[in-house]
Amino acid sequence: MLYQLRLFKWRCRYYFGYIWAFIISIAASFAAVTAFNQGQLDAVFALLVGGYLVSISFFVASLQAQRHYHETRDEFAGLYAKLKQLEAR
């Protein structure tokens, strides 16, 4: 049971990372449009570049968390299969 909760926590971590990457990219775009409408062109560039870099970093971190989740899940599944075989003896 504890193992399943840990897997759920890891799965939620990378799901929320993808969600935050999307939200940050949209928020940076909206902030850049607002700054553009006010005539602040240097702020537009800073908002877009900064927002998209943060969004990309969230996305890459989520990919790494997803890879770690699947590797760990497969390793523990093999260990639990061996444990069940030992218990059956």
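- Counting all heavy atoms, side chain and backbone alike, Ala35 lies closest to Ala43 at CB-CB, 4.2 Å.
- Among residue pairs with one or both ends in residues 74-88, none qualify as side-chain hydrogen bond (donor to acceptor under 3.5 Å, both in side chains); sequence neighbours excluded.
- If you chain together hydrophobic residues whose side chains sit under 4.5 Å apart, Val54 and Phe16 fall into the same group.
- Counting only residues at least two apart or in different chains, side-chain hydrogen bond (donor to acceptor under 3.5 Å, both in side chains) contacts with residues 20-37 comprise Ser29-Tyr52.
- Atom CZ of Phe58 sits in a sparse spot, with 12 or fewer heavy atoms from other residues, nucleotides or ligands closer than 6.0 Å.
- For the ring pair (Phe, Tyr, Trp, His ring centres under 6.0 Å) with Tyr69, the lone residue among Tyr14, Phe8, Phe76 that qualifies is Tyr14.
- Follow the hydrophobic side-chain contacts under 4.5 Å out from Leu41 and you reach Leu48 in the same cluster.
- Side-chain atoms of Thr72 come within 3.5 Å of backbone N or O of His68 as a donor-acceptor pair.
- Within the model, atoms CD of Gln66 and CZ of Arg13 stand 13.5 Å from one another, a figure rounded to the nearest 0.5 Å.
- Here Asp42 contributes atom CG and Leu47 contributes atom CG; the two are 9.5 Å apart, rounded to the nearest 0.5 Å.
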